[in-house]
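Here is the naming used below: chain letters follow the sequence lines, and residue numbers restart at 1 for every chain. Note that this is a predicted model, so its numbers are computed, not measured.
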Amino acid sequence: MEVRVRFAPSPTGALHIGGVRTALFNYLFAKKMGGKMLLRIEDTDQKRFVPGAEEYIIESLKWVGIHIDEGQGVGGPHAPYRQSERKEIYQKYVQQLLGEGKAYYAFDTDVELEAMRQRLKAAGAANTSYNALTRTQMRNSLTLNEDQTKQLIDAGTPYVIRIKVPMKEEIRFKDLIRDWVVVHANTLDDKVLMKSDGLPTYHLANIVDDHLMQITHVIRGDEWLPSAPLHILLYKFLGWEAPQFAHLPLILKPDLLDEKGKIIEERHGKLSKRDADEMGFPIFPLTWNGTNADGEDITSVGYREAGYYKEALINFLALLGWNDGTDKELFSLDELIDSFTLGRIHKTGSKFDIRKAKWFNQHYLRQKPDSELADGLVNALQQKSIPCSQEKANKIVHLMKERVTFPQEIHEQTEFLFQEPAVYEEAVVQTKWNQEAVTLLTAFKDELVTITEFNAETAKATLHTVLEKAGVKIGKVMPALRLALTGAGHGPDLMQIMDILGKEETSNRIKKAIDKLVVIG
RNA sequence: GGUCUAUUCGUCUAGGGGUUAGGACGCAUCCCUUUCACGGAUGAAACACGGGUUCGAUUCCCGUAUGGACUACCA
């Protein structure tokens, strides 16, 4: 049988990084098994619908390289793939359950439900849910007779349809990650299947669609594990064979760290946008400018825009809760597909550590061809109206590639190549700008004129000549030269910098620094 | 509170009845170097605790502690 998996997000905002990992694991498994990956949009909660979220999800998956074989955005034999467009389908199956006495109408209002919970709580009950015990006290088609029920419905009284969970039954299934899960039906409650607005809840819609769309493996977040027994029961009630389940461990929030990486405060729980914001890393794959499910406006920079490569993100995410059993840590998407097995996924959540993601990014940046980095640099400079030749861009990339983690750092850290220093780092002036250095720099500047072909080598040779003549070591002048040229005390190779700056500019900057800076010692 | 579940360096993890408990990120030191990075070398750093079972337990069993998920007409 062909493996068919699905990624089924609800369009309640931008796709969370955890969702990306769930999609990734689904994709890896599908590809590994030679199967298909479906995308279904679970938009049964109209209140939390966020415009643009669906497009965002599709674009995000595309960016990370997860290819959808069937579903929303690409179509397929089981369309529509948006649950809000499948209302009648669910209706049919609830009617079936109702007819077979496996579900019932419930007319209880919010107030009545709350009163029930309060009453139970006051009585010291451990369980305050709507279940096989409490349903006998409530206003539903089980306690009301047929005429009363019909009257209420005909009068337009709002109602929901609940599943009638059996009293005595052991529900068990074998999860591909968690192994056997066994639960007694008496711990389950009579979950709402159909809401009063006529749309199904996740539980019903999910089972119906997974069955109709011939899903063979349900790979989803761990937060669904507690309701999995209910889903198994539903499959049984509908007379269907349940798919295989695999519940993925959650991504947990990191501890709060200071700049040195020391723990300021231990943090626990699943990773949220709040945590990411506070600790300064992205939570969404792409930048999101929109609302969240609560209707609040949000702007949040994505991994892509922050300079993360998709290769790095995927590699990092895949290794959060999974490994291939060897010491291998660097995986391309194809290699991940090749070595992926659900059995090697952990049962327990893992803390998110952005420092590891950065390390992956640095690695993948170095894998990039210089030309790609140079093009990016030229583009970035163009946006600031700074002209830069291809040749110069190549030199800068060569200078910076091994020094940065993100591509944008190449231009952020080389502003001095396009602009003479406005300020000189005070600490360096104090300690390194002395009479000896100034004398040497003056000599070097004067000697510069004689160079016909100016480049890193000739500049270096010239500098050495000057130093030899004066009988001084190179360390005497380098900090001062760097200061004059860049305004800073440290940075990339100075000879290369002079090369990129050119003879004129190098000479000018030395002259300016000598004019501007006061000699202390 | 209830249901389910987990626990190896700070973090991600390998391993599994007998190991010097391995790797990676991060951290520290040294080397390279004109500086800062990069790179190289080295180092500090872990089997939650208590009982069993066993010749032997970090590994198996039971408790305890702690962590996690869920406990909506949200998904």
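A:Arg344 comes within 4.0 angstrom of sugar-phosphate atoms only, judged by non-hydrogen atoms across all strands, and of no base. Nucleic acid contact for A:Val160: base, since at least one base atom lies under 4.0 Å from a heavy atom of the residue. Using a 4.0 Å heavy-atom distance criterion, A:Ser196 is classed as a base contact. A:Leu319 comes within contact range of the sugar-phosphate backbone alone, with a heavy-atom separation under 4.0 Å but no base atom that close. Contacts of A:Asp294 with the nucleic acid, taken as non-hydrogen atoms under 4.0 Å apart, are absent. Using a 4.0 Å heavy-atom distance criterion, A:Gly269 is classed as a sugar-phosphate-only contact. Counting any heavy atom pair closer than 4.0 Å across all strands shown, A:Lys358 reaches no nucleic acid atom. Residue A:Thr44 is in sugar-phosphate contact alone, with no base atom involved, counting any heavy-atom pair closer than 4.0 Å across all strands shown. Residue A:His346 is in sugar-phosphate contact alone, with no base atom involved, counting any heavy-atom pair closer than 4.0 Å across all strands shown. Among the atoms of the strands shown, base atoms are found under 4.0 Å from some heavy atom of A:Pro492. Note on A:Gly475: nothing from the nucleic acid sits closer than 4.0 angstrom, heavy atoms only.
Here A:Lys195 reaches the OP1 or OP2 of B:C74: one of its side-chain N or O atoms lies under 4.0 Å away. For B:A72, neither phosphate oxygen OP1 nor OP2 lies less than 4.0 angstrom from any side-chain nitrogen or oxygen of A:Thr201. Of the side-chain N and O atoms in A:Arg178, none sit less than 4.0 angstrom from OP1 or OP2 of B:C4.
Residue A:Arg162 contributes atom CZ, which lies 10 Å from atom P of B:A72 at whole-angstrom precision. Distance A:Met495 CE to B:U35 C1': 11 Å, rounded to the nearest Å. With rounding to whole Å, A:Asp353 atom CG is found 12 Å from B:C25 atom P. Atom CG of A:Asp222 and atom P of B:G68 are 13 Å apart (whole Å). Nucleotide B:A6 holds its C1' atom 14 Å from the CG atom of A:Asp179, rounded to whole Å. One can place CZ of A:Arg267 at 16 Å from C1' of B:U11, the figure rounded to the nearest angstrom. As a whole-Å value, the separation of A:Arg355 CZ from B:U11 P is 10 Å.
There is a side-chain donor-acceptor pair under 3.5 Å between A:Tyr130 and A:Asn140.
Aromatic ring pairs are classed by plane angle as parallel below 30°, tilted from 30° to 60° and perpendicular above 60°; the pair A:His231 and A:His203 is tilted. Classification of the A:Phe284-A:Tyr56 ring pair by plane angle, with boundaries at 30° and 60°, yields perpendicular.
The existence of a salt bridge linking A:Lys191 and A:Asp189 is confirmed by a sub-4.0 Å separation between a basic side-chain nitrogen and an acidic carboxylate oxygen.
Summarising the local packing, NZ of A:Lys476 is surrounded by 12 or fewer heavy atoms from other residues, nucleotides or ligands at distances under 6.0 Å.
Side chain A:Lys270 to base B:A69: no donor-acceptor pair is found below 3.5 Å.
Here, B:U71 and B:U13 have their C1' atoms 32 Å apart, quoted to the whole Å.
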